[in-house]
Amino acid sequence: MTTPEAARPSHFIREMITRDIETNKYGRRVHTRFPPEPNGYLHIGHAKSICLNFGLAEEFGGKCNLRFDDTNPEKEEQEYVDSIIDSVRWLGFDFGAAPLYASDYFGFMYQAAEYLISAGHAYVDSQTADEMRENRGTLTAPGKDSPYRGRSVDENLRLFREMRDGRHPDGAMVLRAKIDMASGNINMRDPAVYRIKRAEHHRTGNTWCIYPMYTYAHPIEDAIEKITHSVCTLEFEDQRPFYDWLLERLAEGGLLERPLPQQIEFARLNMSHTVLSKRKLITLVGQGHVRGWDDPRMPTIAGFRRRGYTPAAIRNFCERIGLAKRDSVVEMALLEFCIREDLNLRAPRKMAVLRPLRVVIENYPEGQTEELNAVNNPEDPGMGSRKVPFSRVIYIEQDDFREDPPKQFFRLAPGREVRLRYAYFITCTRVVKNDRQEVVELRCTYDPATRGGDSPDGRKVKATLHWVSADHAAGAEVRLYDHLFRTPEPGAGTGNFLEDLNPGSLETLGQCYVEPSLRDGMPGSTFQFERLGYFCVDADSSTGRPVFNRTVTLKDTWAKIEKGKKG
RNA sequence: UGGGGAGUCGUCCAAUGGCAGGACGGUAGACUCUGGAUCUGCUUAUAGGGGUUCGAAUCCUCUCUCCCCAGCCA
């Protein structure tokens with residue numbers, strides 16, 4: 001399951017928390033939070049943050065809040081709230097009975113704003129958005145004070161209340177913190193903290209027509225919840241001076257108690273062969289490049305879940321990638337390693353033939369059927385065994401036969417003997433072709449003495465093939481997935497990530513055969529199809545017609561050899 | 001040419017003045033009724049220059065490169 005405590009490498013946030021505990025900075029408390037905006041589905045990058053925040057709390061005996069940062073009603077929806085809750089729970093984290101919402105603090109935030117005005121720390125600016133932008137200056141040039149910067153406390157208070165009361169149209173004015181228009185840090189050039197926005201909020205409805213900005217709301221949310229370590233990503237680093245400035249002002253005014261929360265930044269997750277920006281993900285869904293947010297090719301939690309990934313694998317991945325402040329791109333191969341590692345231990349083995357080749361065993365009695373014993377999981381004897389039916393006509397994988405085998409190919413070929421897993425040794429005696437010279441059937445003989453898969457005379461075969469009995473197998477659809485993008489960094493070459501979409505990211509096989517026990521698989525259940533990979537039952541399955549998603553292939557040495565030859 | 005960050009194997013993360021280590025990947029082999037799993041070997045890195053020091057990835061200094069910030073988004 002999870003990495004044992006002792007094996008866990010430390011990182012700068014763990015060290016910081018340890019130090020804060022030693023110095024008694026927060027009365028030895030550790031309280032974190034995961035604060036998504038409900039305007040999209042969670043992805044693997046969020047999983048890193050979730051595992052970090054909830055993991056830290058768990059580790060230090062503290063708490064972690066799930067808090068929706070719902071301060072912009074134009075973009076936020078209940079659908080996203082639901083999916084986020086679902087994803088966090090699925091990953092296995094507990095945030096108590098109900099999540100928290102920034103919108104629950106709107107009243108306090110408003111009062112705090114009035115206080116700021118009274119203390120001369122905020123003013124109402126009537127400039128247009130364009131004027132504000134112009135007067136903000138540039139990265140190298142300082143900004144200019146707004147002509148409204150000198151308004152009296154009384155006028156500011158009156159105007160701010162009018163904003164709240166809906167007396168002014170959207171965009172007519174904003175409340176700004178009064179700090180320093182010449183600061184080298186643009187975030188300190190009198191940032192806007194409240195704007196007028198007549199939009200229905202998913203929770204507060206039409207109670208408010210002014211909404212706080214993230215910059216202003218977030219530190220207050222943290223302080224109200226008595227968060228000790230407010231962990232966020234690197235792009236908020238420039239925001240920290242304002243975070244501290246605001247909380248200090250409110251603490252001075254007696255609106256907040258010390259000790260105040262502190263913001264800590266880490267590098268967000270980037271992964272090869274996919275994209276993790278909300279904008280790009282929305283484009284993929286919106287333009288129909290995938291079937292939806294939970295398409296198994298999507299890097300969303302919902303996508304990985306449908307693909308057959310387990311919470312344990314994702315959590316383990318989040319632990320293994322480590323934590324630092326430098327930009328990085330983690331290889332998809334590590335995630336694939338994590339899911340194989342987990343599933344190898346727990347997925348029951350089954351036999352399934354994806355691209356069937358008919359094999360007739362000529363010396364096997366017509367009409368005879370026998371039940372052969374098959375191990376459910378060689379990694380876990382406790383999972384027992386099962387019976388699989390065998391008969392005269394079976395299917396094997398097309399890839400497992402070569403009429404003219406290359407040197408390192410040691411599967412079935414004319415005249416060659418191989419083992420059928422858990423069954424018999426068979427020898428190929430004849431190849432049947434159609435008009436187009438394609439192999440359509442194999443004629444073989446079997447050795448009755450090898451029942452179960454071993455030869456009493458000790459003779460060896462170089463290959464073991466999986467198979468299903470033609471008369472007993474169930475038909476199935478199997479969806480094979482590959483990387484959504486064919487390049488490690490989509491868009492790196494052309495600037496347009498869509499050009500790097502992998503046209504072969506989904507291959508649907510409709511004529512597959514699976515062993516009979518798989519006929520009515522429960523959606524979500526996961527299996528290893530021997531020699532092929534891990535597969536899970538998709539929700540699209542119908543009675544008697546299962547649909548499987550390939551979660552990940554098994555490591556495939558032969559494929560590597562073949563590819564190496566061609567390349 | 002403002003402000004804030006960051007540079008260590010192909011990738012990700014360690015080493016906090018004392019043998020540059022682990023994981024993934026790659027590669028070679030052992031083993032195997034999954035060309036899976038498991039086991040073993042190998043491979044490759046401190047951005048660059050100067051300095052301090054018995055000793056520098058680590059401290060100082062200069063340089064270079066990369067990332068973020070000019071929303072009434074978060």
Side-chain angles (χ1 to χ4, degrees), chain A residues 7 9-11 15 35-37 39 69 71-72 74-76 125 127-129 132-134 136-143 170-176 182-189 191-197 210-211 213-215 217-218 232-241 265 267 269 272 278 320-338 340-341 344-345 349 351 374-375 378-379 408-411 419-423 425 450 452-454 460-466 488 528-533 553-561:
Chain A
S10 193
H11 53 62
E15 284 170 9
E37 183 187 16
N39 70 344
D69 214 339
T71 57
N72 185 356
E74 283 173 347
K75 296 184 172 178
E76 296 149 10
D125 194 346
Q127 291 183 105
T128 64
M132 267 184 66
R133 190 182 317 117
E134 259 174 44
R136 189 152 28 229
T138 68
L139 292 179
T140 52
D170 287 15
M173 46 188 72
V174 292
L175 184 70
R176 298 178 77 176
S183 172
N185 181 350
I186 289 175
N187 297 293
M188 296 298 268
R189 319 238 263 230
V193 298
Y194 258 100
R195 76 281 217 188
I196 305 170
K197 200 183 272 275
I210 56 171
Y211 292 93
M213 302 282 291
Y214 161 87
T215 311
H218 206 88
C232 63
T233 45
L234 249 29
E235 68 270 25
F236 294 101
E237 214 150 15
D238 288 343
Q239 210 78 240
R240 181 156 26 103
E265 310 85 11
L269 173 67
S272 72
K278 207 168 272 187
R320 278 174 185 263
I321 56 178
L323 190 77
K325 292 192 73 156
R326 79 181 76 135
D327 293 315
S328 58
V329 182
V330 175
E331 289 175 343
M332 185 69 84
L334 180 60
L335 218 208
E336 291 175 348
F337 168 82
C338 290
R340 284 191 189 106
E341 183 187 44
N344 177 45
L345 262 26
R349 272 54 171 174
M351 290 198 283
V375 171
E379 301 293 325
Q408 292 171 86
F409 183 92
F410 44 80
R411 276 112 93 147
R419 168 168 40 233
L420 292 177
R421 183 109 157 121
Y422 300 124
F425 286 10
T450 59
D454 279 306
K460 302 286 183 198
V461 287
K462 288 191 84 175
T464 301
L465 310 187
H466 60 275
Q528 184 196 98
F529 288 175
E530 295 223 22
R531 303 209 302 133
L532 297 173
T553 61
L554 251 27
K555 267 174 62 180
D556 191 343
T557 307
W558 168 242
K560 213 172 276 180
I561 293 170

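We name chains A, B, ... by the order of the sequence lines, and we start the count at 1 in each one. These values consider heavy atoms only, across backbone and side chains, with no hydrogens, waters or symmetry-generated copies.
If you take atom P in B/G25 and the same atom in B/U38, they sit 10 Å apart, rounded to whole Å. The gap from the C1' atom of B/C68 to that of B/U27 amounts to 39 Å, rounded to the nearest Å. With C1' as the reference atom, B/G17 and B/U1 are 37 Å apart, rounded to whole Å. Here the separation of B/G50 from B/C24, taken at their P atoms, is 38 Å to the nearest Å.
B/C67 atom P lies 15 Å from atom CG of A/Asp238, rounded to whole Å. Straight-line distance from the CG atom of A/Asn187 to the P atom of B/G3: 15 Å, rounded to whole Å. We find that NZ of A/Lys325 is positioned 16 Å from C1' of B/C13, with the value rounded to whole Å. In this entry the distance linking CG of A/Leu323 with P of B/A15 reads 12 Å, nearest Å. Rounded to whole Å, atom C1' of B/U34 lies 10 Å from atom CG of A/Asn344.
Side-chain proximity of A/Thr557 to the nucleotides B/G35, B/G2, B/C24 is greatest for B/G35. Checked against B/C24, B/G4, B/G5, the side chain of A/Phe337 finds its nearest nucleotide in B/C24. Nearest nucleotide to the A/Lys555 side chain, out of B/G3, B/A37, B/C73: B/A37. Closest approach to the A/Arg421 side chain among B/A70, B/U34, B/U27 is made by B/U34 (side chain taken as heavy atoms from C-beta onward). Distances from the side chain of A/Glu331 to the nucleotides B/U34, B/C73, B/G10 place B/G10 closest. Of the candidates B/C72, B/U34, B/A6, the closest approach to any side-chain atom of A/Arg531 belongs to B/U34. The side chain of A/Phe409 lies closest to B/G35, out of B/A15, B/G35, B/G36. Across B/C72, B/A70, B/G36, the shortest atom-to-atom separation from the side chain of A/Glu379 is found for B/G36. Of the candidate nucleotides B/G36, B/C73, B/C67, B/C67 has the atom lying nearest to any side-chain atom of A/Asp327. Side-chain atoms of A/Thr140 lie closest to B/G2 of the nucleotides B/G2, B/U34, B/G35.
Close to B/G2, at under 4.0 Å from its OP1 or OP2, lies no side-chain N or O of A/Thr138. Proximity of A/Arg326 to the phosphate of B/C13: a side-chain N or O atom is located under 4.0 Å from OP1 or OP2. For the OP1/OP2 pair of B/U34 and a distance below 4.0 Å, the side-chain nitrogens and oxygens of A/Arg419 include no atom meeting the criterion. The phosphate of B/G71 has OP1 or OP2 within less than 4.0 Å of a side-chain N or O from A/Arg136. Taking only side-chain nitrogens and oxygens, A/Arg133 comes nearer than 4.0 Å to OP1 or OP2 of B/G71.
For B/G35, the base has a donor-acceptor partner in the side chain of A/Arg411 [N/O atoms by modelled type, under 3.5 angstrom]. Judged by atom type and distance alone, A/Glu265 does not reach the base of B/G5 through any side-chain donor-acceptor pair under 3.5 Å. In terms of polar N and O atoms assigned as donor or acceptor, the side chain of A/Asn185 never comes within less than 3.5 Å of the base of B/G4 in a complementary pairing. Side chain A/Gln528 to base B/U34: a donor-acceptor pair is found below 3.5 Å.
Pair assignment for B/C31: none, as no Watson-Crick or G-U wobble contacts are both less than 3.5 Å. Of the nucleotides present, none pairs with B/U44 by Watson-Crick or G-U wobble criteria with both distances under 3.5 Å. In a base pair of the Watson-Crick type (N1 to N3 plus N6-O4 or O6-N4) or a G-U wobble (N1-O2 and O6-N3), with each distance short of 3.5 Å, B/C72 is matched with no nucleotide. Using the Watson-Crick or G-U wobble rule with both distances under 3.5 Å, B/G10 pairs with B/C24.
Lacking a ring centre under 5.5 Å from that of the base six-membered ring together with a plane angle below 30°, A/Tyr214 does not count as stacked on B/A74.
For A/Phe409 and A/Trp558, the distance between ring centers is under 6.0 angstrom.
Between A/Met173 and A/Ala423, the residue whose closest nucleotide on RNA chain B is further toward the 5' end is A/Ala423.
Salt bridge annotation for A/Arg421-A/Glu530: present, with a cationic side-chain nitrogen under 4.0 angstrom from a carboxylate oxygen.
Base orientation at B/G71 is syn, since its O4'-C1' glycosidic dihedral falls within 90° of 0.
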